[in-house]
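Below is one structure; the comments refer to it alone.
What you see is a predicted model, and the numbers here were worked out from it, not measured in a lab. Atom set for the values below is all heavy atoms of this structure, side chains included, hydrogens, waters and symmetry mates excluded. Chain identifiers are assigned alphabetically (A, B, ...) following the order of the sequence lines, protein sequences preceding nucleic acid strands; residue numbering begins at 1 within each chain.
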Amino acid sequence: MTATCAPLSQLRAGDEPEYGGKSAALGELLSAGIPVPPGFALSRHAQRPDGVDAALREELGAQLAELARVAGTDDPPVAVRSSAVGEDSAEATFAGQQETILWVRGLDEVCAAVESCWESLYSVTAVTYRERMGDGREPAMGVTIQLMVDARSAGVMFTCNPVSGDPSTIAINASWGLGLAVVGGEVTPDDILLSRVTGEILRETIGDKRIEYVPDPGGPGVRTREIEDARAGVRCLARDELDALLDLARRVHAHFGSHQDVEWAIARTGSPPDNVYLVQSRPVTTLAPRPRTPPPASAIAMVMAQFGAGPGAAGR
Amino acid sequence: MATSTAEAPSAFPSPFAIPAPPGGEGWEEMYPYYALFDEHRPEDAERFWFWNSMHFPTPAPVFDVICIDSPYQALGVWQNRVFAVPPAAGIDYRVVNGYVYIAGNPITDPEKIAERADFFQRRAGYYFANWPELYGRWKERMESLIGELTALRVASLPEYEPDEIAASHGVQTTHYGVLEAYNRALRLGDAMWQNHFEFLVLGYGAYSTFAEFCRTHLPDIPDQHIAQMVAGIDVVLFRPDAELRRLARLAVDTGVDEPFRSGRTPAEIDADLAGSDAGREWLAALEAIKEPWFNMATGDGLYHTYRNWKDDPTIPYASVVGHIDAIRDGRGVERPTAELEAERERLSQEYAALLPDELRAPFGDLLNLSRTVFPYVEEHKFYCDYWFLTNWWNKIREFGALLADHGFLEDAEDIFSLKRHEISEALDELTLSWATGGAPLGPHHWPPLVARRKEIFAHLDEWTPPPAIGATPEVVTDPMFIMHWGVTTDRVREWAAQVEGGTRLTGAAASPGTVEGPARVVRSAAHLADLQEGEVLVCGSTSPAWAPIFPKIVAAVTDIGGVMCHAAIVAREYGLPAVVGTGRATSQIRTGQRVRVDGSTGVVTLLES
């Protein structure tokens with residue numbers, strides 16, 4: 001029988017066709033020693049037409065018990081995310097087309113969340129998107145289930161500048177609370193460009209961060225709350241946190257050998273770098289095309305070109 | 001997809017329509033006829049002129065016009081007549097209300113450009129191939145020019161010529177010497193400027209080619225890092241401060257550091273030091289470094305108002321005080337040259353490693369060429385702008401003192417309120433009346449003129465010059481404008497926008513490209529259905545659910561969001577320009593209004609009111 005369930009730490013990039021891009025990438029991160037919240041993954045073969053069946057429910061229960069043991073608490077909150085096959089691949093970025101359900105607790109809720117992920121595969125937006133991207137493969141869906149990080153701040157990070165394509169910069173978008181607000185475009189995040197070479201802040205725009213996602217005290221799930229004025233207009237990352245993110249960016253890029261777009265979270269407890277986690281990594285697919293004209297033969301020829309006395313100009 | 005703008009009136013004022021500031025009327029008389037906008041050159045209104053605030057940050061003093069003429073002669077001759085830089089001849093200047101505006105003379109005829117390219121390849125190629133040797137000779141020439149300037153004697157006019165004149169035939173009389181010295185001083189200035197520009201165009205060219213290469217392939221690299229990779233660690237410009245650090249250490253070591261406290265004048269400190277043997281030794285050590293290291297200027301400009309450290313030691317004394325404080329606090333004051341060197345190599349290697357394989361060799365070659373030319377780029381300022389020029393202004397002051405001695409001026413400094421030809425005229429009359437013993441008119445003629453000009457000048461000083469005048473160019477192509485002044489097409493657009501006022505929104509440059517189209521302001525998902533093909537989506541923010549509408553639109557503009565929000569990611573996926581986080585797009589823009597979205601710079605321009 002084909003495996004349906006595996007701890008994230010056992011997965012590698014080659015497992016993408018079975019477990020989907022998200023789970024496979026998290027397995028890769030763990031193999032490189034990069035901090036990722038513990039979790040497990042369901043493969044595409046776990047999917048049942050009528051929802052979670054008894055056998056899968058039992059398997060989920062066993063895996064959740066193991067997470068509870070690691071977390072040292074009963075029914076620890078987990079994040080349940082779709083991990084579509086073909087999603088997050090180098091060919092296409094299915095930006096947020098699939099489901100993410102945060103702060104899920106207990107077996108019943110996890111089963112329901114897994115079913116939501118499966119359903120999201122057929123959502124109108126995802127199908128439209130797939131048609132547009134010309135992905136002819138049969139849609140299939142894995143699921144990633146991880147311990148939640150109760151984030152004081154979170155966001156996304158590119159190991160290069162996704163707009164300019166500059167490989168010597170690290171681009172960070174950050175806001176208070178869980179990463180949902182940044183990913184969903186619901187706040188104007190702090191927008192920070194770091195030099196990969198020196199770590200200095202090259203450019204930053206402090207966002208006017210009006211809301212944050214926090215665990216819903218009344219039960220499962222998350223809710224938004226307003227951010228008080230004192231925090232709304234200040235940078236939500238301290239210098240040592242920037243340093244920790246920069247270090248992770250270098251390591252992730254080195255491990256995959258290509259630029260990555262990661263989601264990160266910094267836990268309320270602990271201190272950097274130990275409380276800084278990555279919760280997702282995928283190849284950057286939307287880099288602006290870099291100039292690729294072969295540069296002229298010699299430095300002097302390039303200078304000549306700069307003055308309009310030769311073909312091309314400065315390698316452009 | 002990008003469309004060019006329709007013919008529109010320039011955002012900048014016409015050079016023929018700029019009034020004098022109140023009290024500044026009549027300023028034209030202070031400047032050469034050829035420096036003015038004149039109806040006989042009506043085409044000037046169609047040219048793009050920008051204020052050269054880098055070199056001429058305040059109104060040009062009357063005499064200092066020579067430091068506009070002479071540099072542009074020299075720049076022009078090297079760029080246009082010697083190296084024949086293919087797309088650009090020289091630079092024209094005009095004066096408006098005392099401020100210096102410049103415009104390029106582009107070469108656009110392809111045949112002419114090809115003809116010039118031959119000259120340029122051959123001649124510039126020779127310079128690049130022989131740079132260190134040519135530059136070595138250049139330094140010798142500059143030191144000899146400075147030597148001649150220093151030796152140039154401005155004699156006072158004696159009651160009787162000395163015996164030698166009567167005793168030997170052919171020795172020049174004093175008045176002849178004065179007239180010749182003035183002419184020689186002017187020509188020495190020209191000679192300095194000629195040397196100044198010999199290497200400048202090529203030196204900046206090589207450096208800026210490297211900088212441009214970096215910016216093309218590493219678009220976010222700070223200019224500071226580019227300079228750090230190229231700049232020398234041990235260059236002449238650092239020597240003056242290195243000597244001050246050494247003197248600070250000497251003061252502490254010999255126990256004469258007590259007088260160096262902030263708030264005290266150099267004269268007060270000197271007086272204290274003169275009271276002890278150790279103090280006098282320190283002063284002697286200071287005296288020993290003044291030539292040449294106190295020929296640094298107090299500022300970076302081409303006007304006579306910038307003095308050197310010998311004339312105004314406030315800056316070097318303040319530096320010594322700072323260094324002594326650092327030593328007392330146990331901090332080192334010596335420059336960590338080994339660490340600077342190591343950091344320079346680390347930066348160079350890290351950036352090289354981040355480049356694709358095929359770009360690493362050209363990066364290294366360009367870096368090496370830049371390091372070869374850079375000593376000149378850095379050091380010419382010390383030789384020319386500081387060492388020569390501050391002493392040259394002082395030589396002119398000697399002529400001012402001569403004229404003041406005879407009542408032609410109230411004060412030696414007033415010489416800078418006269419044109420160089422007027423000084424020639426004044427010296428002509430002074431020597432004539434001295435020789436004949438007749439009554440000079442000069443004391444009645446020049447002081448009132450100086451007084452009137454000072455009055456006008458004060459009013460020009462208060463005027464705020466626009467960054468540019470004349471036509472708004474579609475693109476800026478002049479290599480020197482871009483390399484040296486940083487006047488790029490983008491910069492000019494920003495200036496134009498500032499002039500226009502509230503027709504411009506800025507946000508994060510989220511997805512590159514430029515496009516124009518009618519806006520559709522969408523305040524909620526319910527109104528998405530109204531979107532028409534080819535419209536610019538203007539909204540508060542987008543959600544993933546909006547992805548299906550992106551094929552319809554030509555650009556996206558949001559009030560809120562960063563470069564990694566969904567609107568930005570999806571826009572990049574579809575290759576659409578996007579500007580996000582503008583803050584006020586939905587309130588500022590109306591549905592149907594034409595807008596231009598520049599997703600590369602993060603600027604949204606409202607094209608209709």
Side-chain angles (χ1 to χ4, degrees), chain A residues 92-93 95-97 124-125 128-129 132-133 155-156 158 161-169 171 173 182-191 193 195-198 200 202-203 205 207 261 285-286 288 290-291 294-296 298-300 302-310 313-316, chain B residues 85-88 113 116-117 120-121 124-125 128-129 202 205-206 208-209 212-213 216-222 225 347 350-351 354-356 358-359 362 365-366 368-369 479 508-512 541-545 547-548 551 558 560-567 569-570 572-573 580-581:
Chain A
T93 303
Q97 296 298 314
V124 176
T125 51
T128 310
Y129 204 83
R132 166 69 172 69
M133 299 312 293
V156 292
F158 281 60
N161 179 340
V163 179
S164 72
D166 191 322
S168 70
T169 44
N173 270 195
V182 176
V183 175
E186 294 175 69
V187 292
T188 300
D190 295 342
D191 184 3
L193 205 58
S195 166
R196 179 181 164 136
V197 176
T198 61
E200 72 200 271
L202 299 178
R203 284 203 290 280
T205 310
D261 155 6
T285 57
T286 56
R290 303 298 315 135
S298 73
I300 290 179
M302 279 187 270
V303 178
M304 296 292 178
Q306 181 86 352
F307 281 106
R316 265 207 248 248
Chain B
V85 168
I113 288 177
R116 292 167 70 89
F120 186 80
Q121 296 262 12
F128 284 128
L202 300 186
S208 73
T209 304
E212 184 67 15
F213 183 94
T216 301
H217 300 289
L218 304 160
D220 303 312
I221 188 170
H225 291 186
L347 284 184
E350 285 228 15
Y351 277 116
L354 287 166
L355 288 169
E358 74 273 15
L359 293 176
D365 289 349
L366 272 177
N368 281 338
L369 183 64
S511 179
S541 66
T542 71
S543 93
T558 74
I560 197 167
V563 295
M564 288 164 224
C565 74
H566 271 103
I569 291 173
V570 177
R572 287 198 291 274
E573 198 82 62
V580 300

Exercise for the section: Name the region of B:L369, side chain, backbone, both or neither, that has any atom closer than 4.5 Å to a heavy atom of chain A. Expected result: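 Only the side chain of B:L369 comes within 4.5 Å of chain A.
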Exercise for the section: With a 4.5 angstrom heavy-atom cut-off, could you sort out which part of B:L354 is near chain A: side chain, backbone, both or neither? Expected result: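 It is both, since atoms from each part get that close.
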Problem - Closest contact, heavy atoms only, B:P219 versus A:D166 - result: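 Looking at all heavy atoms of both residues, the shortest contact is N-OD2, 2.9 Å.
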Problem - Nearest non-hydrogen partners of B:G125 and A:M304, listed with the distance - result: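 Between these two residues, the closest heavy atoms are N-CE, 3.6 Å.
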Would you compute the distance between atom [atom1] of [X] and atom [atom2] of [Y] and round it to the nearest 0.5 angstrom?
X: A:R196; Y: B:E350; atom1: CZ; atom2: CD; answer: 7.5 Å
X: B:F213; Y: A:Q306; atom1: CZ; atom2: CD; answer: 12.0 Å
X: A:N161; Y: B:D220; atom1: CG; atom2: CG; answer: 4.5 Å
X: A:S195; Y: B:L218; atom1: OG; atom2: CG; answer: 10.0 Å

Practice task
Dump the intermediate steps for side chain to side chain contact (heavy atoms under 4.5 Å, CB included) on B:D365 and A:I300, then the final yes or no.
Solution key: CA-CA 9 Å; B:D365 289 349; A:I300 290 179; over 6 Å; no
Practice task
I would like to know whether A:T188 and B:V580 meet side chain to side chain contact (heavy atoms under 4.5 Å, CB included); could you show each step before the answer?
Solution key: CA-CA 9 Å; A:T188 300; B:V580 300; over 6 Å; no
Handout entry: A:S168 versus chain B, the contacting section by heavy-atom distance below 4.5 Å
Key =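 Both the backbone and the side chain of A:S168 come within 4.5 Å of chain B.
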